[in-house]
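Source: prediction; values computed, not measured. Order of the sequence lines sets the chain letters (A, B, ...), proteins ahead of strands, with each chain counted from 1.
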Amino acid sequence: MEKLVKSPYLFMVKSEKTDLVMVYHILFGNPKILNPEGLRFLNLFETERDSDEIEKLTEGDADSLVKEFSEINFLTPPGLDERKFLEERRQSYLAEVKKKKTIEHISLSVSNVCNFGCRHCMFFQRGKKSLNQGKIMNWETAKRCVDTYAGLMKEIGTTKGKIHFGNAEPLINWRVIKQTLEYCKSLSGFKFEYAINTNLSLLDKEMAITLKNFKIRIAASLDGLEKANDLIRTIKNGKGTFRTIIGKIDLLEEIDYPLDGISITVTAKNFSYVDTDIIDFARQRKMKSIAFDYDLINATEISCEEKVEKIMRLKSYADKLNIYFDGTWGTPYRRLLSRSLLKDFYSFCSAVEGRGLTFNPDGSIKACDYSKNKIGEIKHLNRIFTNGGSLLKLVEKRFPGNNSLCKNCMIESFCGGQCHITQTANKNISSFCDFYKAITLALLRESIEDSES
Amino acid sequence: MSKIAIKKIQVMTPKRRGPVPEFPITWAKKGKDASCT
(Lines give C-alpha, C1' and ligand atoms only; values in the text may rest on other atoms or scores of the structure.)
Protein backbone atom coordinates (compact mmCIF):
# COMPACT_ATOMS: atom_id res chain seq x y z
CA MET A 1 0.00 0.00 0.00
CA GLU A 2 1.27 3.42 -0.89
CA LYS A 3 1.35 5.98 1.87
CA LEU A 4 -2.01 7.52 2.64
CA VAL A 5 -3.17 10.45 4.70
CA LYS A 6 -6.53 11.80 5.83
CA SER A 7 -7.87 14.32 3.33
CA PRO A 8 -7.78 17.92 4.60
CA TYR A 9 -11.31 18.30 3.22
CA LEU A 10 -13.00 15.98 5.70
CA PHE A 11 -15.68 17.49 7.90
CA MET A 12 -17.09 15.89 11.00
CA VAL A 13 -20.57 16.24 12.48
CA LYS A 14 -21.34 15.14 16.02
CA SER A 15 -24.61 14.70 17.79
CA GLU A 16 -24.97 15.13 21.53
CA LYS A 17 -27.40 12.22 21.65
CA THR A 18 -25.04 9.52 20.42
CA ASP A 19 -21.35 8.69 20.25
CA LEU A 20 -21.60 8.18 16.49
CA VAL A 21 -20.06 10.77 14.20
CA MET A 22 -20.67 11.60 10.58
CA VAL A 23 -17.69 12.26 8.36
CA TYR A 24 -17.88 13.57 4.81
CA HIS A 25 -15.69 15.21 2.23
CA ILE A 26 -16.63 18.86 1.65
CA LEU A 27 -15.87 18.58 -2.07
CA PHE A 28 -16.97 15.03 -2.85
CA GLY A 29 -19.50 14.17 -0.15
CA ASN A 30 -20.07 10.45 0.48
CA PRO A 31 -21.05 10.84 4.14
CA LYS A 32 -20.34 7.93 6.45
CA ILE A 33 -21.43 7.43 10.03
CA LEU A 34 -18.68 5.95 12.16
CA ASN A 35 -18.63 4.51 15.64
CA PRO A 36 -15.77 5.62 17.95
CA GLU A 37 -13.56 2.72 16.82
CA GLY A 38 -14.11 3.71 13.20
CA LEU A 39 -13.18 7.30 13.95
CA ARG A 40 -10.04 6.13 15.79
CA PHE A 41 -9.09 4.17 12.70
CA LEU A 42 -9.62 7.13 10.38
CA ASN A 43 -7.63 9.36 12.71
CA LEU A 44 -4.65 7.01 12.44
CA PHE A 45 -4.14 8.73 9.12
CA GLU A 46 -3.65 12.16 10.67
CA THR A 47 -0.09 11.33 9.73
CA GLU A 48 0.99 9.50 6.60
CA ARG A 49 0.73 5.73 7.00
CA ASP A 50 1.70 2.74 4.92
CA SER A 51 0.35 -0.80 5.26
CA ASP A 52 3.10 -1.97 7.59
CA GLU A 53 2.31 0.77 10.07
CA ILE A 54 -1.44 0.10 9.84
CA GLU A 55 -0.87 -3.60 10.46
CA LYS A 56 1.04 -2.81 13.64
CA LEU A 57 -1.68 -0.46 14.91
CA THR A 58 -4.69 -2.67 14.17
CA GLU A 59 -6.05 -6.14 14.79
CA GLY A 60 -7.64 -7.79 11.76
CA ASP A 61 -7.57 -7.09 8.06
CA ALA A 62 -7.80 -3.34 7.41
CA ASP A 63 -7.37 -3.57 3.62
CA SER A 64 -11.03 -3.39 2.63
CA LEU A 65 -11.62 -0.42 4.94
CA VAL A 66 -8.59 1.41 3.58
CA LYS A 67 -9.87 0.69 0.06
CA GLU A 68 -13.36 1.98 0.92
CA PHE A 69 -12.01 5.19 2.43
CA SER A 70 -9.58 5.70 -0.45
CA GLU A 71 -12.31 5.33 -3.08
CA ILE A 72 -14.26 8.20 -1.55
CA ASN A 73 -11.16 10.35 -0.99
CA PHE A 74 -11.31 10.17 2.81
CA LEU A 75 -7.75 8.87 2.45
CA THR A 76 -5.51 10.17 -0.30
CA PRO A 77 -1.87 10.05 -1.27
CA PRO A 78 0.00 12.82 0.57
CA GLY A 79 -0.01 16.13 -1.29
CA LEU A 80 -2.78 15.16 -3.75
CA ASP A 81 -4.37 18.27 -5.28
CA GLU A 82 -8.03 17.34 -4.94
CA ARG A 83 -9.22 20.66 -6.32
CA LYS A 84 -7.45 19.84 -9.55
CA PHE A 85 -9.73 16.83 -9.93
CA LEU A 86 -12.75 19.08 -9.33
CA GLU A 87 -11.45 21.37 -12.07
CA GLU A 88 -11.26 18.40 -14.43
CA ARG A 89 -14.84 17.49 -13.56
CA ARG A 90 -15.88 21.05 -14.34
CA GLN A 91 -14.24 20.93 -17.74
CA SER A 92 -15.95 17.61 -18.50
CA TYR A 93 -19.30 19.10 -17.57
CA LEU A 94 -18.73 22.26 -19.59
CA ALA A 95 -18.02 20.08 -22.61
CA GLU A 96 -21.51 18.60 -22.18
CA VAL A 97 -23.05 22.07 -21.87
CA LYS A 98 -21.29 23.14 -25.06
CA LYS A 99 -22.84 20.19 -26.88
CA LYS A 100 -26.23 21.37 -25.50
CA LYS A 101 -26.67 17.95 -23.96
CA THR A 102 -27.52 19.31 -20.52
CA ILE A 103 -30.73 21.02 -21.61
CA GLU A 104 -33.70 19.11 -20.18
CA HIS A 105 -36.49 21.62 -20.18
CA ILE A 106 -37.66 25.02 -21.26
CA SER A 107 -39.88 27.50 -19.55
CA LEU A 108 -42.20 29.83 -21.40
CA SER A 109 -42.79 33.10 -19.58
CA VAL A 110 -46.21 33.44 -21.10
CA SER A 111 -47.14 36.32 -18.80
CA ASN A 112 -44.99 38.82 -16.98
CA VAL A 113 -48.15 40.22 -15.44
CA CYS A 114 -49.88 38.98 -12.30
CA ASN A 115 -53.36 39.66 -10.93
CA PHE A 116 -52.04 39.29 -7.38
CA GLY A 117 -50.05 41.93 -5.53
CA CYS A 118 -47.91 39.98 -3.06
CA ARG A 119 -45.40 42.45 -1.67
CA HIS A 120 -42.62 39.90 -1.24
CA CYS A 121 -42.84 38.67 -4.84
CA MET A 122 -39.90 39.65 -6.97
CA PHE A 123 -42.18 40.49 -9.88
CA PHE A 124 -44.10 42.90 -7.70
CA GLN A 125 -40.88 44.45 -6.39
CA ARG A 126 -39.32 44.80 -9.81
CA GLY A 127 -42.45 46.34 -11.25
CA LYS A 128 -41.67 47.94 -14.54
CA LYS A 129 -38.25 46.28 -14.83
CA SER A 130 -39.96 42.93 -15.46
CA LEU A 131 -42.15 44.50 -18.06
CA ASN A 132 -39.12 45.56 -20.03
CA GLN A 133 -38.94 41.96 -21.18
CA GLY A 134 -42.47 42.22 -22.56
CA LYS A 135 -45.79 41.67 -20.85
CA ILE A 136 -47.50 38.82 -22.60
CA MET A 137 -46.02 36.23 -24.93
CA ASN A 138 -47.79 36.08 -28.26
CA TRP A 139 -48.48 32.83 -30.09
CA GLU A 140 -45.82 33.47 -32.74
CA THR A 141 -43.12 33.73 -30.08
CA ALA A 142 -44.42 30.70 -28.18
CA LYS A 143 -44.42 28.66 -31.40
CA ARG A 144 -40.93 29.82 -32.21
CA CYS A 145 -39.74 28.78 -28.74
CA VAL A 146 -41.26 25.31 -29.14
CA ASP A 147 -39.82 24.94 -32.64
CA THR A 148 -36.41 26.03 -31.39
CA TYR A 149 -36.62 23.55 -28.52
CA ALA A 150 -37.74 20.77 -30.85
CA GLY A 151 -34.78 21.57 -33.10
CA LEU A 152 -32.45 21.43 -30.13
CA MET A 153 -33.94 18.10 -29.00
CA LYS A 154 -33.42 16.70 -32.48
CA GLU A 155 -29.83 17.94 -32.48
CA ILE A 156 -29.00 16.19 -29.20
CA GLY A 157 -30.97 13.08 -30.13
CA THR A 158 -33.82 13.09 -27.69
CA THR A 159 -37.55 12.84 -28.26
CA LYS A 160 -38.68 13.57 -24.72
CA GLY A 161 -39.00 17.19 -23.65
CA LYS A 162 -40.37 19.20 -20.77
CA ILE A 163 -42.15 22.50 -21.03
CA HIS A 164 -42.99 24.72 -18.11
CA PHE A 165 -45.45 27.61 -18.21
CA GLY A 166 -44.46 30.23 -15.76
CA ASN A 167 -43.41 33.62 -14.60
CA ALA A 168 -45.76 36.11 -13.00
CA GLU A 169 -49.19 34.51 -13.59
CA PRO A 170 -49.37 32.29 -16.68
CA LEU A 171 -53.14 31.71 -16.64
CA ILE A 172 -53.55 35.36 -17.66
CA ASN A 173 -52.36 34.14 -21.05
CA TRP A 174 -54.38 30.93 -21.19
CA ARG A 175 -55.02 31.26 -24.93
CA VAL A 176 -51.31 30.89 -25.72
CA ILE A 177 -50.87 28.06 -23.21
CA LYS A 178 -53.67 26.14 -24.91
CA GLN A 179 -52.33 26.85 -28.39
CA THR A 180 -48.90 25.66 -27.27
CA LEU A 181 -50.30 22.43 -25.84
CA GLU A 182 -52.24 21.68 -29.02
CA TYR A 183 -49.23 22.51 -31.16
CA CYS A 184 -46.92 20.27 -29.15
CA LYS A 185 -49.46 17.47 -29.45
CA SER A 186 -49.38 17.84 -33.22
CA LEU A 187 -45.59 17.51 -33.42
CA SER A 188 -44.88 13.92 -34.40
CA GLY A 189 -41.84 12.20 -32.96
CA PHE A 190 -41.82 14.20 -29.71
CA LYS A 191 -43.28 13.56 -26.33
CA PHE A 192 -43.63 16.43 -23.89
CA GLU A 193 -44.27 16.65 -20.19
CA TYR A 194 -45.72 19.86 -18.82
CA ALA A 195 -45.74 21.87 -15.63
CA ILE A 196 -47.22 25.19 -14.60
CA ASN A 197 -46.67 27.56 -11.70
CA THR A 198 -49.91 29.34 -11.02
CA ASN A 199 -51.68 31.16 -8.23
CA LEU A 200 -54.82 29.25 -9.38
CA SER A 201 -57.12 32.24 -9.00
CA LEU A 202 -58.05 32.45 -12.69
CA LEU A 203 -58.59 28.72 -13.11
CA ASP A 204 -61.97 27.72 -14.50
CA LYS A 205 -63.40 24.28 -15.22
CA GLU A 206 -62.38 24.26 -18.85
CA MET A 207 -58.79 25.15 -17.94
CA ALA A 208 -58.75 22.58 -15.15
CA ILE A 209 -59.91 19.82 -17.48
CA THR A 210 -57.26 20.78 -20.03
CA LEU A 211 -54.58 20.67 -17.32
CA LYS A 212 -55.84 17.21 -16.40
CA ASN A 213 -55.99 15.98 -20.00
CA PHE A 214 -52.41 17.06 -20.65
CA LYS A 215 -51.28 15.76 -17.23
CA ILE A 216 -49.79 19.14 -16.44
CA ARG A 217 -48.12 19.19 -13.05
CA ILE A 218 -49.42 22.10 -11.07
CA ALA A 219 -47.23 24.01 -8.66
CA ALA A 220 -49.43 26.27 -6.58
CA SER A 221 -48.82 28.25 -3.44
CA LEU A 222 -50.76 28.53 -0.24
CA ASP A 223 -48.79 30.40 2.39
CA GLY A 224 -50.38 28.82 5.41
CA LEU A 225 -54.00 28.72 6.55
CA GLU A 226 -56.21 31.77 6.16
CA LYS A 227 -54.54 34.17 8.58
CA ALA A 228 -50.98 33.28 7.54
CA ASN A 229 -51.73 33.21 3.81
CA ASP A 230 -53.72 36.43 3.77
CA LEU A 231 -50.96 38.38 5.47
CA ILE A 232 -48.72 38.01 2.43
CA ARG A 233 -50.61 36.43 -0.50
CA THR A 234 -52.92 39.25 -1.48
CA ILE A 235 -54.44 41.00 -4.42
CA LYS A 236 -53.22 44.50 -5.20
CA ASN A 237 -55.56 46.23 -2.71
CA GLY A 238 -54.18 44.03 0.09
CA LYS A 239 -57.18 41.71 0.31
CA GLY A 240 -56.38 38.09 1.14
CA THR A 241 -56.57 35.28 -1.40
CA PHE A 242 -57.03 32.20 0.80
CA ARG A 243 -60.67 31.56 0.02
CA THR A 244 -60.14 32.05 -3.70
CA ILE A 245 -57.28 29.56 -3.74
CA ILE A 246 -59.21 27.00 -1.68
CA GLY A 247 -62.11 27.29 -4.14
CA LYS A 248 -59.74 26.37 -6.97
CA ILE A 249 -58.18 23.51 -5.00
CA ASP A 250 -61.77 22.26 -4.56
CA LEU A 251 -62.36 22.61 -8.31
CA LEU A 252 -59.32 20.45 -9.07
CA GLU A 253 -60.57 17.85 -6.61
CA GLU A 254 -64.02 17.91 -8.22
CA ILE A 255 -62.61 17.00 -11.61
CA ASP A 256 -60.46 14.31 -10.00
CA TYR A 257 -57.20 16.07 -10.60
CA PRO A 258 -56.22 17.11 -7.09
CA LEU A 259 -53.04 18.96 -6.25
CA ASP A 260 -50.39 16.59 -4.99
CA GLY A 261 -48.77 19.31 -2.94
CA ILE A 262 -48.48 22.98 -2.15
CA SER A 263 -45.66 25.50 -1.87
CA ILE A 264 -45.53 27.67 1.23
CA THR A 265 -43.58 30.91 1.31
CA VAL A 266 -42.75 32.30 4.70
CA THR A 267 -41.70 35.88 5.37
CA ALA A 268 -41.24 37.77 8.62
CA LYS A 269 -44.93 38.75 8.33
CA ASN A 270 -46.55 35.32 8.36
CA PHE A 271 -43.75 33.39 10.14
CA SER A 272 -45.58 33.15 13.48
CA TYR A 273 -48.77 31.96 11.85
CA VAL A 274 -47.41 29.10 9.73
CA ASP A 275 -47.41 25.95 11.79
CA THR A 276 -48.44 22.31 11.85
CA ASP A 277 -52.03 23.21 10.96
CA ILE A 278 -51.04 23.67 7.30
CA ILE A 279 -49.58 20.15 7.34
CA ASP A 280 -52.86 18.84 8.76
CA PHE A 281 -54.61 20.65 5.91
CA ALA A 282 -52.32 18.95 3.37
CA ARG A 283 -53.08 15.59 4.90
CA GLN A 284 -56.83 16.18 4.86
CA ARG A 285 -56.50 17.01 1.18
CA LYS A 286 -54.47 13.81 0.63
CA MET A 287 -51.47 15.77 -0.57
CA LYS A 288 -48.13 14.04 -0.72
CA SER A 289 -45.69 16.90 -0.49
CA ILE A 290 -45.12 20.35 0.91
CA ALA A 291 -42.46 22.70 -0.36
CA PHE A 292 -41.72 25.15 2.43
CA ASP A 293 -39.42 28.08 1.80
CA TYR A 294 -38.47 31.27 3.48
CA ASP A 295 -38.44 34.28 1.22
CA LEU A 296 -35.22 33.75 -0.69
CA ILE A 297 -34.43 37.45 -0.79
CA ASN A 298 -35.89 39.28 2.17
CA ALA A 299 -36.36 36.95 5.12
CA THR A 300 -33.39 38.19 7.11
CA GLU A 301 -35.57 39.58 9.93
CA ILE A 302 -36.16 36.06 11.21
CA SER A 303 -33.23 34.68 13.17
CA CYS A 304 -31.35 31.70 11.85
CA GLU A 305 -32.18 29.68 14.98
CA GLU A 306 -35.90 30.38 14.61
CA LYS A 307 -35.83 29.40 10.94
CA VAL A 308 -34.09 26.11 11.64
CA GLU A 309 -36.27 25.27 14.64
CA LYS A 310 -39.45 25.76 12.63
CA ILE A 311 -38.29 23.66 9.71
CA MET A 312 -37.12 20.78 11.87
CA ARG A 313 -40.32 20.79 13.90
CA LEU A 314 -42.64 20.95 10.90
CA LYS A 315 -40.57 18.40 8.99
CA SER A 316 -40.73 15.97 11.90
CA TYR A 317 -44.51 16.43 12.04
CA ALA A 318 -44.86 15.94 8.28
CA ASP A 319 -42.62 12.84 8.36
CA LYS A 320 -45.01 11.20 10.82
CA LEU A 321 -47.94 11.90 8.50
CA ASN A 322 -45.95 10.52 5.57
CA ILE A 323 -45.90 13.88 3.82
CA TYR A 324 -42.72 14.78 2.00
CA PHE A 325 -41.55 18.10 3.42
CA ASP A 326 -38.72 19.87 1.67
CA GLY A 327 -37.57 23.21 0.35
CA THR A 328 -34.67 25.06 -1.19
CA TRP A 329 -33.00 24.81 2.24
CA GLY A 330 -32.80 21.04 1.75
CA THR A 331 -30.70 21.25 -1.40
CA PRO A 332 -27.21 21.00 0.16
CA TYR A 333 -28.39 18.13 2.38
CA ARG A 334 -29.99 16.27 -0.55
CA ARG A 335 -26.89 16.73 -2.67
CA LEU A 336 -24.62 15.56 0.14
CA LEU A 337 -26.66 12.45 0.86
CA SER A 338 -27.37 11.36 -2.65
CA ARG A 339 -24.70 12.53 -5.09
CA SER A 340 -20.94 12.92 -5.36
CA LEU A 341 -18.92 14.97 -7.78
CA LEU A 342 -16.51 12.04 -7.94
CA LYS A 343 -19.02 10.33 -10.23
CA ASP A 344 -21.76 12.79 -10.94
CA PHE A 345 -22.25 16.44 -11.81
CA TYR A 346 -24.35 19.02 -10.02
CA SER A 347 -24.61 22.63 -8.98
CA PHE A 348 -27.24 24.28 -6.82
CA CYS A 349 -30.17 24.25 -9.24
CA SER A 350 -31.14 23.48 -12.81
CA ALA A 351 -30.49 27.09 -13.90
CA VAL A 352 -26.83 27.08 -12.93
CA GLU A 353 -26.44 23.52 -14.18
CA GLY A 354 -27.50 24.71 -17.63
CA ARG A 355 -30.45 22.29 -17.60
CA GLY A 356 -33.15 24.76 -18.44
CA LEU A 357 -33.83 27.80 -20.58
CA THR A 358 -36.49 30.39 -19.88
CA PHE A 359 -37.94 32.36 -22.77
CA ASN A 360 -39.30 35.84 -22.14
CA PRO A 361 -42.29 37.23 -24.04
CA ASP A 362 -39.88 39.21 -26.23
CA GLY A 363 -37.86 36.09 -27.13
CA SER A 364 -34.93 36.89 -24.89
CA ILE A 365 -33.53 34.05 -22.81
CA LYS A 366 -32.81 33.74 -19.10
CA ALA A 367 -31.33 30.85 -17.12
CA CYS A 368 -34.03 31.04 -14.45
CA ASP A 369 -37.65 32.20 -14.45
CA TYR A 370 -36.95 34.58 -11.60
CA SER A 371 -33.81 36.13 -12.96
CA LYS A 372 -33.90 39.57 -14.51
CA ASN A 373 -30.64 38.98 -16.38
CA LYS A 374 -30.89 37.96 -20.00
CA ILE A 375 -28.34 35.45 -21.22
CA GLY A 376 -29.24 35.56 -24.89
CA GLU A 377 -31.82 35.86 -27.64
CA ILE A 378 -33.81 33.13 -29.31
CA LYS A 379 -32.57 34.19 -32.73
CA HIS A 380 -28.97 33.60 -31.58
CA LEU A 381 -29.56 30.57 -29.37
CA ASN A 382 -26.34 28.82 -30.40
CA ARG A 383 -24.24 31.69 -29.04
CA ILE A 384 -25.03 30.93 -25.41
CA PHE A 385 -23.45 27.48 -25.73
CA THR A 386 -20.16 28.65 -27.23
CA ASN A 387 -16.94 29.61 -25.47
CA GLY A 388 -17.60 32.95 -23.85
CA GLY A 389 -21.35 32.41 -24.27
CA SER A 390 -23.52 33.53 -21.36
CA LEU A 391 -24.86 30.13 -20.39
CA LEU A 392 -21.44 28.54 -20.47
CA LYS A 393 -20.04 31.39 -18.38
CA LEU A 394 -22.82 31.06 -15.81
CA VAL A 395 -22.43 27.28 -15.48
CA GLU A 396 -18.66 27.64 -15.18
CA LYS A 397 -18.91 30.37 -12.56
CA ARG A 398 -21.40 28.43 -10.48
CA PHE A 399 -19.79 24.98 -10.68
CA PRO A 400 -18.84 23.82 -7.18
CA GLY A 401 -15.29 24.66 -6.21
CA ASN A 402 -15.23 27.72 -8.41
CA ASN A 403 -16.58 30.29 -6.00
CA SER A 404 -14.05 32.03 -3.76
CA LEU A 405 -16.80 32.99 -1.30
CA CYS A 406 -17.47 29.30 -0.67
CA LYS A 407 -13.92 27.98 -0.44
CA ASN A 408 -13.58 25.39 2.35
CA CYS A 409 -17.11 26.01 3.62
CA MET A 410 -18.56 22.89 5.29
CA ILE A 411 -21.08 22.58 2.44
CA GLU A 412 -18.89 23.98 -0.31
CA SER A 413 -19.83 21.57 -3.09
CA PHE A 414 -23.38 20.76 -2.03
CA CYS A 415 -24.49 24.36 -1.79
CA GLY A 416 -22.08 25.78 -4.33
CA GLY A 417 -23.09 29.38 -3.70
CA GLN A 418 -26.84 28.79 -3.18
CA CYS A 419 -29.80 30.07 -5.20
CA HIS A 420 -28.86 32.11 -8.24
CA ILE A 421 -31.49 34.72 -7.41
CA THR A 422 -30.53 35.02 -3.74
CA GLN A 423 -26.93 35.47 -4.76
CA THR A 424 -27.64 38.12 -7.35
CA ALA A 425 -30.42 40.00 -5.53
CA ASN A 426 -29.30 39.98 -1.92
CA LYS A 427 -26.72 42.22 -0.38
CA ASN A 428 -26.58 40.28 2.87
CA ILE A 429 -25.64 36.89 1.44
CA SER A 430 -23.74 35.82 4.57
CA SER A 431 -26.96 35.54 6.60
CA PHE A 432 -28.23 33.08 3.99
CA CYS A 433 -24.90 31.21 4.23
CA ASP A 434 -25.36 30.90 7.99
CA PHE A 435 -28.86 29.56 7.48
CA TYR A 436 -27.83 26.95 4.88
CA LYS A 437 -25.03 25.71 7.13
CA ALA A 438 -27.25 25.58 10.22
CA ILE A 439 -30.13 23.75 8.56
CA THR A 440 -27.77 21.27 6.90
CA LEU A 441 -26.13 20.57 10.27
CA ALA A 442 -29.52 20.02 11.89
CA LEU A 443 -30.56 17.60 9.13
CA LEU A 444 -27.26 15.73 9.33
CA ARG A 445 -27.56 15.39 13.12
CA GLU A 446 -31.03 13.97 12.60
CA SER A 447 -29.53 11.41 10.20
CA ILE A 448 -26.90 10.40 12.75
CA GLU A 449 -29.52 9.92 15.46
CA ASP A 450 -31.72 7.91 13.07
CA SER A 451 -28.90 5.55 12.23
CA GLU A 452 -28.67 4.47 15.86
CA SER A 453 -32.34 3.61 16.20
CA MET B 1 -2.57 3.11 22.84
CA SER B 2 -4.54 -0.14 22.35
CA LYS B 3 -4.71 -1.65 18.90
CA ILE B 4 -7.80 -0.84 16.87
CA ALA B 5 -10.03 -3.87 16.38
CA ILE B 6 -11.15 -3.77 12.77
CA LYS B 7 -14.05 -6.09 13.55
CA LYS B 8 -15.49 -3.55 15.97
CA ILE B 9 -15.57 -0.78 13.40
CA GLN B 10 -18.97 0.28 12.11
CA VAL B 11 -19.29 2.32 8.91
CA MET B 12 -22.84 3.25 7.95
CA THR B 13 -24.27 5.27 5.09
CA PRO B 14 -26.84 7.83 6.29
CA LYS B 15 -30.34 7.77 4.93
CA ARG B 16 -32.88 10.53 4.73
CA ARG B 17 -35.61 10.46 7.36
CA GLY B 18 -39.26 10.40 6.51
CA PRO B 19 -41.15 9.41 3.40
CA VAL B 20 -39.18 9.00 0.24
CA PRO B 21 -40.98 10.76 -2.59
CA GLU B 22 -42.31 8.38 -5.18
CA PHE B 23 -40.79 10.62 -7.79
CA PRO B 24 -37.19 11.64 -8.24
CA ILE B 25 -36.40 15.08 -6.86
CA THR B 26 -36.35 16.72 -10.19
CA TRP B 27 -38.25 19.02 -12.44
CA ALA B 28 -41.65 19.94 -11.12
CA LYS B 29 -42.62 16.60 -9.75
CA LYS B 30 -43.46 18.00 -6.40
CA GLY B 31 -45.68 20.90 -5.55
CA LYS B 32 -42.82 23.24 -6.00
CA ASP B 33 -41.47 25.70 -8.44
CA ALA B 34 -40.41 23.69 -11.44
CA SER B 35 -37.45 25.78 -12.38
CA CYS B 36 -35.81 25.48 -8.99
CA THR B 37 -35.68 21.72 -8.68
Novice: Taking side chain as everything from C-beta outward and backbone as N, CA, C, O, which of these in A/N30 sits under 4.5 Å from a heavy atom of chain B? Side chain, backbone, both or neither.
Specialist: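 Neither; nothing under 4.5 Å.
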
Novice: Under 4.5 Å from any heavy atom of chain B, what part of A/F69 do you find: side chain, backbone, both or neither?
Specialist: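 Contact with chain B: side chain only.
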
Novice: Name all residues meeting the salt bridge (charged side-chain N to carboxylate O under 4.0 Å, His left out) criterion together with A/R313; count only those two or more places apart in sequence or in a different chain, and write none if there are none.
Specialist: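 Counting only residues at least two positions away or on another chain, A/R313 forms a salt bridge (charged side-chain N to carboxylate O under 4.0 Å, His left out) with A/D275, A/E309.
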
Novice: Quick check on A/E37: does its CD atom have over 12 non-hydrogen neighbours (other residues, nucleotides or ligands) under 6.0 Å away?
Specialist: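 For A/E37, atom CD is crowded (more than 12 foreign heavy atoms under 6.0 Å).
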
Novice: Would you kindly say whether B/T13 and A/K32 are connected by a side-chain donor-acceptor distance under 3.5 Å?
Specialist: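 There is such a pair between these side chains.
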
Novice: Are the side chain of A/N35 and the backbone N or O of B/K8 linked by a donor-acceptor pair below 3.5 Å?
Specialist: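 The answer is yes, because a donor-acceptor pair under 3.5 Å joins these two groups.
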
Novice: Who wins among A/E353, A/K56, A/H420 for the most heavy-atom pairs under 4.5 Å with chain B?
Specialist: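 Of the candidates given, the most pairs with chain B belong to A/K56.
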
Novice: With rounding to the nearest 0.5 Å, note down the distance linking CD1 in A/I33 to NZ in B/K15.
Specialist: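 Reported to 0.5 Å precision, the distance equals 9.0 Å.
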
Novice: For A/M22, is it the side chain, the backbone, both or neither that has a heavy atom under 4.5 Å from a heavy atom of chain B?
Specialist: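 It is the side chain, since no backbone atom gets that close.
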
Novice: First locate atom CD1 of B/I4, then atom CZ of A/R40, and finally report the distance between them rounded to the nearest 0.5 Å.
Specialist: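 Result: 4.5 Å between the selected atoms.
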
Novice: For A/L444, is it the side chain, the backbone, both or neither that has a heavy atom under 4.5 Å from a heavy atom of chain B?
Specialist: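 Answer is neither: A/L444 stays 4.5 Å or more from chain B.
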
Novice: Look up atom CG in A/L34 and atom CE in B/M12, then write down how far apart they are to the nearest 0.5 Å.
Specialist: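 Going from CG on A/L34 over to CE on B/M12, the span is 8.0 Å.
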
Novice: Kindly write out the residues that satisfy salt bridge (charged side-chain N to carboxylate O under 4.0 Å, His left out) with A/R285, not counting sequence neighbours, or none if the list is empty.
Specialist: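 For A/R285 the salt bridge (charged side-chain N to carboxylate O under 4.0 Å, His left out) partners, ignoring immediate neighbours, are A/D250, A/E253.
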
Novice: So what's closer than 4.5 Å to chain B heavy atoms on A/L44: side chain, backbone, both or neither?
Specialist: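 Looking at A/L44, just its side chain touches chain B.
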
Novice: How far apart are the closest heavy atoms of B/P14 and A/P31, and which atoms are they?
Specialist: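 What the structure gives for the nearest pair is CD-O, 3.1 Å.
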
